[in-house]
Colleague: 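Next up is a structure, given as structure tokens.
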Amino acid sequence: MILHDNAYSDIVYDGVQGSSFLSVPGAMEVGVEFNSLSKTYNLTGARISFVLGNRQLIKAFRTLRSQIDYGVFLPVQYAAIAALNGPRDYVHSQCMEYQARRDALCGGLRSIGWQLPDSQGSMFVWAPLPDGYTDSMDFCLQLLEKAGVLCTPGAAFGSLGEGHVRFALIKTPQQLRCTVKQIAESGIIQQGSVK
């Protein structure tokens, strides 16, 4: 069985259309897909999501879920219905805002010598550590101390995250340009390249 988390399927950049695992032939026979309204519709904290796919897997999930809680607050369910049935203009404009933030951060960091790819979606940027650094926790502590910039060490997400950091795209493009300036002025990028 395949359990696919597709919470960011609507937050993609550069004109790419998000897709569903369930659109692949045979997927309905072998799996389910979870989606959350917290990302696409900014219902973070409301804790409402849905699952689609294989009927037997959903039946088992329903049985398990019935032992965990009693359901979602009714006004939140109404908000979800309105979001899913309403216009999607907001979703597109939100994606464009995240893309502008991504461009400000990723382009800015590349301009000061930190080589990283553009994020292709979600509200995060995963960046390989700058040259000269190997420990994501140590780098994050130095970045905070020297530049006043906070990001999450990749190691916090497990061993496969080591060697990377994660930035959240929660600030405006102008604020992110200021963040890049703080990093540049700290000297941490040039310092790492001579280690």
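Here, residue 1 is the first one in the sequence, and each next residue gets the next number. Computed over heavy atoms, backbone and side chain alike; hydrogens, waters and symmetry mates excluded.
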Colleague: For the residue pair K171 and T179, establish whether any side-chain heavy-atom pair is separated by less than 4.5 Å.
Modeller: no

Colleague: Heavy atoms only: give me the nearest C106-P117 pair and the separation to one decimal.
Modeller: SG-O, 3.8 Å

Colleague: What closest approach, in Å, do D10 and R88 show between heavy atoms, and which atom pair accounts for it?
Modeller: OD1-NH2, 3.0 Å

Colleague: Please confirm whether the backbone N or O of L52 pairs with a side-chain atom of E33, one donor and one acceptor, at under 3.5 Å?
Modeller: no

Colleague: Relative to the ring of H4, is the ring of F21 parallel (under 30°), tilted (30 to 60°) or perpendicular (over 60°)?
Modeller: tilted

Colleague: Strictly distance-based, threshold 3.5 Å: is any side-chain N or O of T44 a donor or acceptor partner for the main-chain N or O of S38?
Modeller: yes

Colleague: Do R166 side-chain atoms and G154 backbone N/O form a donor-acceptor pair below 3.5 Å?
Modeller: no

Colleague: Tell me the closest heavy-atom pair linking L116 and R110, and the distance in Å.
Modeller: O-NH1, 2.9 Å

Colleague: To the nearest 0.5 Å, what is the distance between CZ (F61) and CG (L3)?
Modeller: 9.0 Å

Colleague: Going from CG on L176 to CZ on R101, what distance comes out if it is rounded to the nearest 0.5 angstrom?
Modeller: 7.5 Å

Colleague: Taking everything shown except L160 itself, do over 12 heavy atoms lie less than 6.0 Å from its CG?
Modeller: no

Colleague: Working to the nearest 0.5 Å, report the span between OG of S186 and CD1 of I112.
Modeller: 7.5 Å

Colleague: Kindly give the heavy-atom pair with the smallest separation between A104 and V180, and that separation in Å.
Modeller: O-CG2, 4.1 Å

Colleague: Any link between F50 and M28 through a network of hydrophobic side chains (Ile, Leu, Val, Met, Phe, Trp, Tyr) touching at under 4.5 Å?
Modeller: yes

Colleague: Is a side-chain N or O of R47 found less than 3.5 angstrom from the main chain of V72, in a donor-acceptor match?
Modeller: no

Colleague: Rounded to the nearest 0.5 Å, how far apart are CG of L37 and CG of L84?
Modeller: 4.5 Å

Colleague: If you count the non-hydrogen atoms of other residues, nucleotides and ligands that lie under 6.0 Å from CZ in F157, is the total more than 12?
Modeller: yes

Colleague: CZ of R55 to CZ of R62: how many Å apart, nearest 0.5 Å?
Modeller: 10.0 Å

Colleague: Any sub-3.5 Å donor-acceptor pair from T63's side-chain atoms to K59's backbone N or O?
Modeller: yes

Colleague: Identify the heavy atoms of Q94 and T40 that sit nearest to each other, and give their distance.
Modeller: NE2-O, 3.1 Å

Colleague: Does W114 reach the main-chain N or O of P128 with its side chain, forming a donor-acceptor pair under 3.5 Å?
Modeller: yes

Colleague: State, to 0.1 Å, how close F139 and V165 come at their nearest heavy-atom pair, and which atoms those are.
Modeller: CD2-CG1, 3.9 Å

Colleague: Group every Ile, Leu, Val, Met, Phe, Trp and Tyr by side-chain heavy-atom contacts under 4.5 Å, then state whether L43 and F73 land in the same group.
Modeller: yes

Colleague: Verify the cluster assignment for M123 and V12: are they in a single hydrophobic cluster under the rule of side-chain heavy atoms below 4.5 Å apart?
Modeller: no

Colleague: Using atom types as modelled and distance alone, determine if a side-chain donor or acceptor of N6 lies under 3.5 Å from a backbone N or O of N35.
Modeller: no

Colleague: Check for me, please, whether M1 and V51 land in the same ILVMFWY cluster - side-chain distances under 4.5 Å, paths through other members count.
Modeller: yes

Colleague: Under the 3.5 angstrom rule, does the side chain of S136 hit a backbone N or O of A155 as a donor-acceptor pair?
Modeller: yes

Colleague: Between D14 and Q99, do the side chains contain a donor N or O and an acceptor N or O under 3.5 Å apart?
Modeller: yes

Colleague: Indicate if F34 and I58 have the same hydrophobic cluster label, given that clusters are the connected sets of ILVMFWY residues with side-chain heavy-atom separations under 4.5 angstrom.
Modeller: yes

Colleague: With a 6.0 Å cut-off (strictly less than), is the heavy-atom count around CD of E97, excluding the residue itself, greater than 12?
Modeller: yes

Colleague: Please report the C-alpha distance between Y8 and Y98 in whole Å, then the side-chain angles of each, then the deciding distance to 0.1 Å, and finally whether the ring-ring contact (aromatic ring centres under 6.0 Å, His included) criterion is met.
Modeller: CA-CA 12 Å; Y8 295 101; Y98 280 127; 9.3 Å; no

Colleague: Nearest 0.5 Å, please: how far is CG in L141 from CG in L150?
Modeller: 9.5 Å

Colleague: Any side-chain heavy-atom pair from C140 and T152 closer than 4.5 angstrom?
Modeller: no

Colleague: So, Y13 side chain and S122 main chain: donor-acceptor pair closer than 3.5 Å or not?
Modeller: yes

